[in-house]
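Worksheet: one structure, shown below.
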Amino acid sequence: PEIRMMDLVKNSKINYQLKYSFGELGAGNNRVESPKSIFVDEEMSKIYVTEGRVAPRILVFTCSGYLITCFKHKTMKYPWGIAKNKDNIYVTDTHSDAVFLFKQNERVCDVIKVGQFYGSGDNQFSYPKGIAVCKNGNVYIADEYNHRVQVMDCDLKYIRSISDPIDKLYRPIGLKVTSEEVYVLCRLDRKHLNVFTLTGDRLSCRKVQNENDNSRKCCFFCLDKGDNVLMSDEKKIHIYTSEGEDLPFSLPKELI
């Protein structure tokens, strides 16, 4: 396992080029065993990586790949999603059915709150995965086995849930939040992104995979500044433009 940094090159076709990689297999310093999610802060100065399995923890690197620090909590079992807003760092944990709120203070990150554990009630979770923070500070959490997205304030106090009584959000695993919209990817329908307003009203269902193509297993995605959707599978990264055009390309051999 390595962390791969790539440059986005815009010309006649959108493509990526490998910039550099860092990290080695293992549970020691500057080593990664099973990285799950990555977050780059707004200042482009730090990279946050969640890691589970052998050493459940969060690693913090510079954007050049140097380890700054790592932190964890004693009840953390398998950290997955990560998001940050100012000094607050939010981490979902699938195996403890919880959301952790860490407060960053220089190089030290102390947990100040842990969201409620397993259940289907408000502020309870069942295998939480994707997490994102919108500009107003509210936190959006993909609550996979409860088939919903929970919305909380910056202190993890429950606000509302986002779901669809007609087209149920079957096992949401990934989400991204823009200034006006929430994009949700579900495990059992990886051909579409469900798009909601920040308050939970459904806007659309955006296709991000051809209907006849059942080979791709897309679990992770992100949005660029032009509202293009970037999704990964085993061999390719697919870029879907806002007009619906698919611009796939093969990963370089060193990334496969």
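Throughout, residue positions are numbered sequentially from 1 according to the sequence presented.
In this structure, Thr50 and Val91 have side chains that are in contact, with non-hydrogen atoms separated by less than 4.5 Å. Side-chain contact check for Ser37 versus Trp80: some heavy-atom pair is nearer than 4.5 Å. Val133 is not listed as a side-chain neighbour of Tyr140, based on a closest heavy-atom distance of 4.5 Å or more. Side chains of Cys70 and Ile58 form no contact here, defined as non-hydrogen atoms less than 4.5 Å apart. Within the 4.5 Å cutoff, no side-chain heavy atoms of Val99 are placed close to those of Asp93. Proximity of Leu198 to Val182: side-chain heavy atoms (C-beta onward) are separated by under 4.5 Å at one or more points. A 4.5 Å side-chain heavy-atom check between Asp153 and Tyr158 finds every atom pair outside the cut-off. Residues Arg171 and His147 have side chains in contact (heavy-atom distance under 4.5 Å, counting atoms from C-beta outward).
For the atom pair CZ (Phe39) and CD1 (Ile82), the distance works out to 8.0 Å, reported to the nearest 0.5 Å. Between the OG1 atom of Thr199 and the CD atom of Glu180 there is a distance of 11.5 Å, given to the nearest 0.5 Å. Taken to the nearest 0.5 Å, the CZ atom of Phe125 stands 9.0 Å off from the CG atom of Asn146. With rounding to the nearest 0.5 Å, the separation of CD in Glu181 from CG in Asp201 is 12.0 Å. With values rounded to the nearest 0.5 angstrom, Lys129 atom NZ is found 7.0 Å from Thr94 atom OG1. Separation of atoms CD1 (Ile131) and CD (Gln150) is listed at 10.5 Å; rounding is to 0.5 Å.
Considering every non-hydrogen atom in both Asn85 and Gly137, the closest pair reads ND2-CA, 3.6 Å. Between Ile141 and Pro128, the closest heavy-atom pair is CG2-CB, 4.0 Å. Closest non-hydrogen pair, Gly121 versus Arg148, comes out as O-NH2, 2.8 Å. Shortest non-hydrogen contact noted between Leu101 and Cys154 is CD2-O, 3.7 Å. Of all non-hydrogen atoms in Val177 and Ala132, the two that sit nearest each other are CG2-CB, 3.7 Å. Among all heavy-atom pairs drawn from Asp143 and Pro172, the shortest one is O-CG, 4.0 Å.
When only modelled atom types and interatomic distance are considered, Ser161 and Ser163 share no side-chain donor-acceptor pair under 3.5 Å. Checked by atom type, the side-chain pair Tyr90/Asn88 shows a donor-acceptor distance below 3.5 Å.
Taking the six-membered ring where the residue is Trp, the centroids of Tyr66 and Phe61 are separated by 6.0 Å or more.
Checking each of Ile38, Leu59, Val60 against Tyr48 for a side-chain contact (heavy atoms from CB on, under 4.5 Å) leaves exactly one that passes, namely Val60.
Partners of Thr75 under the side chain to side chain contact (heavy atoms under 4.5 Å, CB included) rule, at least two apart in sequence or in another chain, are His73, Phe100.
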Does the pair Tyr183 and Thr178 meet the rule for a side chain to side chain contact (heavy atoms under 4.5 Å, CB included), with working shown?
CA-CA 8 Å; Tyr183 291 75; Thr178 67; 4.0 Å; yes
What's the verdict on side chain to side chain contact (heavy atoms under 4.5 Å, CB included) for Lys157 and Met152, showing C-alpha distance, side-chain angles and the deciding distance?
CA-CA 5 Å; Lys157 295 179 180 178; Met152 301 184 177; 5.9 Å; no
Please assess Val184 against Val149 for the test side chain to side chain contact (heavy atoms under 4.5 Å, CB included), listing each intermediate value before the final yes or no.
CA-CA 8 Å; Val184 184; Val149 173; 4.0 Å; yes
Thr62 vs Ile47, test: side chain to side chain contact (heavy atoms under 4.5 Å, CB included). Steps then yes/no.
CA-CA 6 Å; Thr62 68; Ile47 300 172; over 6 Å; no
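Checked for salt-bridge contact, Asp41 and Lys84 miss the test: no charged N lies under 4.0 Å from a carboxylate O.
Under the 4.5 Å side-chain heavy-atom criterion for ILVMFWY residues, no single connected hydrophobic cluster contains both Tyr170 and Tyr145.
Judged purely by atom type and a 3.5 angstrom limit, Ser96 has no side-chain atom pairing as donor or acceptor with the backbone of Lys77.
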